[in-house]
Amino acid sequence: MKRNKIYDVLKSGKPDDVVSVCGWVRSRRESKTFAFLVLSDGSSQATIQCIIDGNVSGFDLMPKCQTGASVQVDGVLKQSQGKGQSLEVHASSLKLFGEAPAETYPLQKKGHTLEFLREIAHLRGRTNTFGAVWRVRNALAAGVHEFFQKRRFVWAHTPIITANDCEGAGEMFNVTTFDLNKIPRTPSGAIDWTQDFFGKNAHLTVSGQLEGEFLALSLGDIYTFGPTFRAENSNTTRHLAEFWMIEPEMAFADLKDDMQLAEDFVRFLSGWVVKQCPDELAFLYDTYKGMSPDEIVKLSESKFAHVTYTDAVDLLLKAPKKFEYPVKWGTDLQSEHERYLTDEIYKSPVIVTDYPKDFKSFYMRLNDDGKTVAAMDVLAPRIGEIIGGSQREERLDYLERMMVEKKIPSHDLQWFLDLRRYGSVPHAGFGLGFERIVQYLSGMTNIRDVIPCPRSPNSIEF
Ligand code: 4AD
Ligand code: MG
């Protein structure tokens, strides 16, 4: 089908160019002798106005071209008289693909709440807001590859179905072909996973890191970019049961290198998205007052604050604010603590390092103090944790001891231990929650509004 995208028409079209624009009607104005149709087609934040004279073929279809209807307008570009619009289409023909009856079409004009739009996720991409968010999300995804490919990191596809629990938190969805009404049992009454599809209890992955480590220990630098799953019962504005994660892993690297990569990465994505999506970000800032395009540019040039967990706890203990959860060395930072650090103390992203080993994952490298690990979290204003990472424990005996301490069964992770038996090297990596960075840079406050089909407890529409 011959078609010109609105983005291209507005960017490089010239008066008298012959064009064919396909899209959905945003609004219309009509008289007996002519009509205006404003179309959007998802290719750009801008819409295009079409003027349809009464003698144009298809003019009789105008009553059916209501908001939401899909049409094709062929015509010639002309300089627009109205302000704001640079070019408009003077139609030579109008074709109607599909009607959208006003009595039932749920997207009438403006002013729908984000909550309402979540209920019609299949149509919300047609609004200014979600068109912008989906294009920003796309640009950031392309930026991820741009950043790593330029640095010669290999994109590695780690499995979605796995038998390991990387984070050791037991927050996994099972993958089984058992008839749930007739689950095979062993003589002792336990579930007999040997009879299941994989002969083992399998899950959806919570992280590609463990497999990412073996790829890094053969290719040097790798990254994953794919969906991950957590069956945590968190109904918050920052948690999804299915989210996308980017996990770089570097051989011959320590925590400092890891922090540098994380900072460079976030800075790069900020600069990149402003270049790719200036109109989208301007619209989102006008509407939701998250971060202005200028602030995003500033972020792309800024240095992040660095603080150890122990110093962060001291700062929080001295804070005049009363926290709901008390601050105490040895317990994890709550989001109110994280936000106090980013929003009140540093007013910038901050990297917190060297957390107590007790509440961090088994694979993190033990520091010389014997109490903390070489971990780092990047906290962003408004959002909290966007990145979690660490230097990995490359010493076999230390890793084995930590696995015993944290009750991680080593039987099925011998391959992971092999990486420490054969040619072990210092290595480090992190995971960036993709939806969290989309949230941060787009200004959307609810994570359900930055992924087309959000998955959360009791919610699996679409
Ligand atoms: O801190 P996490 O749990 O770290 C890992 O999974 C490591 N294996 C990563 C690594 O070192 N390769 O998760 C990493 C990031 C978090 O910082 C957060 O941004 C995001 O993933 N995240 C979630 N995003 C949305 N919904 C959830 N339920 C999330 N859980 C984690
Ligand atoms: Mg974390």
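Order of listing sets the numbers, starting from 1, for every ligand and every atom in it. Hydrogens, waters and symmetry mates are skipped; everything else that's a heavy atom, side chains included, is used.
Close contacts between ligand 1 and S207 involve ligand atoms 6 (O), 8 (N) [criterion: under 4.0 Å to a heavy atom]. Close approach of ligand 1 to R238 is summarised as follows: ligand atoms under 4.0 Å from at least one heavy atom of the residue are 25 (C), 26 (N). Close contacts between ligand 1 and R392 involve ligand atoms 10 (C), 11 (O), 12 (N) [criterion: under 4.0 Å to a heavy atom]. The ligand atoms of ligand 1 that sit less than 4.0 angstrom from a heavy atom of M245 are 6 (O), 13 (O), 14 (C), 15 (C), 21 (O). Per-residue contacts place E247 under 4.0 angstrom from the following atoms of ligand 1 (heavy atoms of the residue considered): 7 (C), 8 (N), 9 (C), 10 (C), 12 (N). The I387 neighbourhood of ligand 1 comprises atoms 17 (O), with distances under 4.0 Å to a heavy atom of that residue. The ligand atoms of ligand 1 that sit less than 4.0 angstrom from a heavy atom of I447 are 25 (C). Of all atoms in ligand 1, listed by their number and element, those nearer than 4.0 Å to a heavy atom of G388 are 1 (O), 9 (C), 10 (C), 11 (O), 17 (O).
Heavy atoms only, all atoms of each residue included: P101 and Q66 are closest at CA-OE1, 3.7 Å.
Not close to ligand 1: E213, with no non-hydrogen atom less than 4.0 angstrom away. In this structure, E249 has no heavy atom closer than 4.0 Å to ligand 1. Using a 4.0 Å heavy-atom cutoff, Y363 is listed among the residues neighbouring ligand 1. Look at T228 and you'll find every heavy atom at least 4.0 Å from all atoms of ligand 1. Residue-ligand proximity: E435 is placed with every non-hydrogen atom at 4.0 Å or more from ligand 1.
A side-chain donor-acceptor contact under 3.5 Å links R382 to the backbone of Y440. A distance-only check finds no donor-acceptor pair linking the side chain of K318 to the backbone of V313 [under 3.5 Å]. Judged purely by atom type and a 3.5 angstrom limit, H427 uses its side chain to pair as donor or acceptor with the backbone of V425.
Among K360, E167, E232, R230, the residue whose heavy atom lies nearest to atom 13 (O) of ligand 1 is R230. Here the shortest heavy-atom distance to atom 20 (C) of ligand 1, taken over G208, S361, G433, belongs to G433. If you check each of Q209, E171, R455, E242 against atom 10 (C) of ligand 1, the one with the closest non-hydrogen atom is Q209.
Scanning the protein for heavy atoms near atom 15 (C) of ligand 1, the closest one is G431 O, 3.6 Å. What sits closest to atom 18 (C) of ligand 1 on the protein, heavy atoms only, is R436 NH1, 3.4 Å. When hydrogens are left out, the protein atom nearest atom 26 (N) of ligand 1 is L240 N, 2.9 Å; that is the closest non-hydrogen contact. For atom 19 (O) of ligand 1, the closest non-hydrogen atom of the protein is I386 O, 2.8 Å.
There is no side-chain donor-acceptor pair under 3.5 Å between T186 and D192. For the residue pair Y363 and E394, no side-chain donor N or O sits within less than 3.5 Å of a side-chain acceptor on the partner. Judged by distance alone, the side chains of S335 and E338 never bring a donor and an acceptor atom under 3.5 Å apart. Judged purely by distance below 3.5 Å, without hydrogens or angles, the side chains of T308 and D354 never pair a donor atom with an acceptor atom. E213 and Q209 form a side-chain donor-acceptor contact under 3.5 Å, judged by distance and modelled atom types alone. Looking at N201 and N174, their side chains do bring a donor and an acceptor atom within 3.5 Å of each other.
Using cut-offs of 30° and 60° for the angle between ring planes, the F362 and F416 rings count as perpendicular.
Contacts with ligand 1 closer than 4.0 Å are made by side-chain heavy atoms of F243 only, the backbone lying farther away. The backbone and the side chain of E385 each have at least one atom closer than 4.0 Å to an atom of ligand 1 (non-hydrogen atoms only).
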Q | salt bridge (charged side-chain N to carboxylate O under 4.0 Å, His left out) evaluation trace for K5 with D8 | A | CA-CA 5 Å; K5 292 194 180 177; D8 298 322; over 6 Å; no
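Partner of F148 under the side chain to side chain contact (heavy atoms under 4.5 Å, CB included) criterion, chosen from F265, F268, F225: F265. D449 pairs with exactly one of R137, R238, R118 by the salt bridge (Lys or Arg N to Asp or Glu O under 4.0 Å) rule, that one being R118.
Geometrically, R151 does not engage F153 in a cation-pi contact, judged by NZ or CZ lying under 6.0 Å from the ring centre and within 45° of the ring axis. A cation-pi arrangement is found for K289 relative to Y285, the charged atom lying closer than 6.0 Å to the ring centre and inside a 45° cone about the ring normal.
Between P227 and I160, some side-chain heavy-atom pair lies under the 4.5 Å cut-off.
The tally of protein N/O/S atoms under 2.8 Å from the Mg ion (ligand 2) stands at 1.
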